[in-house]
2 protein chains.
Amino acid sequence: MNRKMINRIMLAAFLFLLACAQAYAQTDPLPSWNDGAAKKSIFEFVKKVTARGGAGFVPPAERIAVFDNDGTLWAEQPMYFQLIFALDRVKALALQHPEWKEKEPFASLLKGDLNGALAGGEPAIFQIVMATHAGMTTEEFEKIVRDWTATAKHPKSGRFYTEMVYRPMLDLLAYLRGNGFKTFIVSGGGVDFMRVFSEKVYGIPPEQVIGSSGKLKFELRDGKPVLVKLPEIDFIDDKSGKPAGIHKVIGRRPILAFGNSDGDLQMLQWTAAGSGARFMAIVHHTDGEREWAYDRKSSIGQLNTALDEANAKGWTVVNMKNDWKRIFAFEK
Amino acid sequence: MNRKMINRIMLAAFLFLLACAQAYAQTDPLPSWNDGAAKKSIFEFVKKVTARGGAGFVPPAERIAVFDNDGTLWAEQPMYFQLIFALDRVKALALQHPEWKEKEPFASLLKGDLNGALAGGEPAIFQIVMATHAGMTTEEFEKIVRDWTATAKHPKSGRFYTEMVYRPMLDLLAYLRGNGFKTFIVSGGGVDFMRVFSEKVYGIPPEQVIGSSGKLKFELRDGKPVLVKLPEIDFIDDKSGKPAGIHKVIGRRPILAFGNSDGDLQMLQWTAAGSGARFMAIVHHTDGEREWAYDRKSSIGQLNTALDEANAKGWTVVNMKNDWKRIFAFEK
């Protein structure tokens with residue numbers, strides 16, 4: 001082989017390696033995130049806990065990551081999607097409940113007066129939720145939610161609710177799972193509601209969804225066992241309920257927690273208090289144009305004390321407007 | 001190469017393949033099970049649900065297998081091991097509770113009169129359990145259980161309680177996981193108790209353990225968040241509580257369920273009622289020599305109506321004496 005040929009081969013090898021390096025560099029596992037402090041903090045944390053032999057190494061079995069749902073994985077405006085579902089159900093069930101015409105909060109609701117219906121506060125919401133989420137078997141409820149998510153559209157975007165999920169968070173869930181994390185939802189939302197779409201939309205199987213729930217009654221109906229959803233609260237997975245829900249279902253402390261409101265504060269505190277590497281983050285809704293901008297004074301997804309604590313303790317605060325290249329899964 | 005050499009190579013290759021085939025045939029995934037109807041029914045079920053393209057195929061995500069613990073995965077005689085733990089704790093805590101000398105069921109217990117202590121029935125057991133399982137943080141309780149399992153010995157065998165697990169069931173758990181199943185414990189026992197050893201002993205991580213639980217209270221102690229175990233029942237994961245517990249935590253119906261007592265009947269019924277291939281089985285304690293023999297009239301692990309239903313419906317009934325080559329994990 002002469003020198004000229006060797007040079008050519010060396011050049012080809014060099015170009016090949018260069019192309020490989022570029023291809024590698026271009027495979028950004030978080031393509032919907034802009035480069036910045038938030039994205040960097042995620043990469044640094046994952047690198048630390050997965051570095052075998054490193055001081056921050058965490059065995060895969062202990063890489064538990066928990067995510068709030070409303071406002072963290074999908075949108076929550078103009079109101080919690082599950083509440084919209086409940087209102088739709090009241091309308092659908094009105095014919096079977098002629099007494100609702102005279103009975104609040106249903107009467108106002110059926111007249112289209114949402115504010116009047118919700119004027120009754122939590123007891124009114126409780127009545128609406130129980131009238132629409134109980135008195136049927138778990139299988140019947142699942143079918144109702146499945147039909148609703150396949151047909152109902154968001155009032156602003158005109159998209160299915162399950163399309164109102166945040167693309168950057170889908171990136172993050174996949175990136176974490178690719179690094180041996182087990183991803184869980186820990187939400188104030190109803191567990192039976194979320195499980196209908198969590199696997200398809202987020203890749204999170206039902207057994208990794210923790211949420212609020214009603215009591216259940218086991219019955220044999222014509223010899224066939226069913227679980228009937230009772231109009232009684234079993235567990236509220238919000239605020240200090242979140243660490244309790246995590247302990248009840250997972251039984252070990254997460255090393256990563258992501259929320260967006262004061263309802264997530266105790267979950268973030270509980271995660272932060274473990275030993276070893278920890279990652280706590282908050283999605284801050286700052287993009288009034290592409291999504292919604294709200295925080296301290298919002299009646300939905302209020303973010304006030306948790307924002308103060310995040311800033312004080314150096315938790316990651318994701319500025320939606322600056323940190324996210326795309327917002328929704330349906331965007332090009 | 002001459003013909004002689006080719007023949008030698010062909011012979012060597014043939015012997016190698018033969019050895020491989022023998023090694024393969026000898027690798028019985030259930031080596032602690034005797035050949036018989038029970039073992040055969042397990043193999044047939046697993047073959048059916050894992051045969052891609054077959055009529056009984058079940059995708060891995062839906063291969064949920066649930067196991068009772070006491071009497072199914074480990075022994076439960078002369079009484080539930082968690083009750084022995086509670087009694088040991090009463091003795092350990094007696095100095096801190098001088099009032100127990102005058103107060104039942106503690107007074108009898110401290111005098112060594114177990115029957116007297118348990119004469120109070122469920123309320124007495126409730127008092128003993130709450131006095132020993134509540135009033136501390138989840139972390140404190142975990143440490144107490146960890147210390148107990150590392151020191152306490154079974155009164156008959158002299159072995160650690162975590163050695164009193166059934167070798168054939170360990171075979172089965174591993175075999176199922178090797179075939180894409182996700183294995184869960186669904187037990188009347190305390191979830192915080194079982195989780196301390198479930199991963200090490202059964203290979204079942206804490207998030208796949210469902211059990212009875214007390215209510216929890218989230219508190220900040222000197223700024224550090226803790227979960228305090230309250231002396232209030234949250235959930236009893238027994239009888240009709242088992243399908244409810246499965247729905248609460250897993251959110252989908254198992255395709256395989258294994259129990260040993262009437263407390264498992266509803267879990268077995270709930271599993272049986274799903275569509276597609278199903279496997280329901282009962283461990284029948286028939287070996288008074290190597291283990292214990294008890295069923296219809298036992299106060300612990302009573303097996304009566306569930307045995308009738310198993311026979312009527314053709315569920316697999318494991319005859320411990322005949323079906324198990326070895327019983328305990330510590331046997332040679």
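Chain identifiers are assigned alphabetically (A, B, ...) following the order of the sequence lines, protein sequences preceding nucleic acid strands; residue numbering begins at 1 within each chain.
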Decide side-chain contact (heavy atoms from CB on, under 4.5 Å) for B:Glu309 and B:Leu268; before the verdict, give the C-alpha distance in whole Å, the side-chain angles of both, and the deciding distance to 0.1 Å. CA-CA 10 Å; B:Glu309 190 147 336; B:Leu268 292 159; over 6 Å; no
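- Defined by atom type and a distance below 3.5 Å, a donor-acceptor pair is missing between the side-chain atoms of B:Thr162 and B:Thr149.
- B:Arg252 is listed as a side-chain neighbour of B:Ile64, based on a closest heavy-atom distance under 4.5 Å.
- Counted within 6.0 Å of NZ on A:Lys224, heavy atoms from surrounding residues, nucleotides or ligands total more than 12; the atom is thus considered enclosed.
- Of the residues considered (B:Glu139, B:Arg253, B:Glu199, B:Lys239), B:Glu199 shows the highest number of contacts with chain A, using heavy-atom pairs under 4.5 Å.
- Taking 4.5 Å as the limit, every side-chain heavy atom of A:Trp74 sits out of range of all side-chain heavy atoms of A:Val201.
- When A:Pro225, A:Gly223, A:Ala61 are compared by the number of non-hydrogen pairs under 4.5 Å with chain B, A:Pro225 comes out ahead.
- Between B:Phe67 and B:Phe184, the distance separating the two ring centers is not shorter than 6.0 angstrom.
- Side-chain contact between B:Val186 and B:Asp68 is absent, with no heavy atoms from C-beta onward closer than 4.5 Å.
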Take B:Ile144 and B:Trp148, measure what side-chain contact (heavy atoms from CB on, under 4.5 Å) needs, and give me the verdict at the end. CA-CA 6 Å; B:Ile144 290 166; B:Trp148 182 81; 5.5 Å; no
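- Contacts between residues 205-217 of chain A and chain B, counted as heavy-atom pairs separated by less than 4.5 Å, involve A:Pro205, A:Pro206, A:Glu207, A:Gln208, A:Leu216.
- Within residues 273-282 of chain B, the residues that have a heavy atom under 4.5 Å from a heavy atom of chain A are B:Ala273, listed by number.
- Counting heavy-atom pairs under 4.5 Å between each of A:Leu227, A:Val249, A:Leu220 and chain B puts A:Leu227 at the top.
- Between the side chain of B:Thr72 and the backbone N or O of B:Asn69 there is no donor-acceptor pair closer than 3.5 Å.
- The closest side-chain donor-acceptor pair between A:Asp192 and A:His133, if any, does not fall under 3.5 angstrom.
- Neither side chain, A:Asp70 nor A:Gln82, offers a donor N or O lying under 3.5 Å from an acceptor on the other.
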Take A:Arg296 and A:Asp308 through the salt bridge (Lys or Arg N to Asp or Glu O under 4.0 Å) test and state the conclusion after the steps. CA-CA 10 Å; A:Arg296 295 186 189 274; A:Asp308 292 338; 3.0 Å; yes
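- Using a 4.5 Å cut-off between heavy atoms, B:Phe235 makes no contact with chain A at all.
- Among B:Gln266, B:Glu142, B:Lys242, B:Glu219, the residue making the largest number of heavy-atom pairs under 4.5 Å with chain A is B:Gln266.
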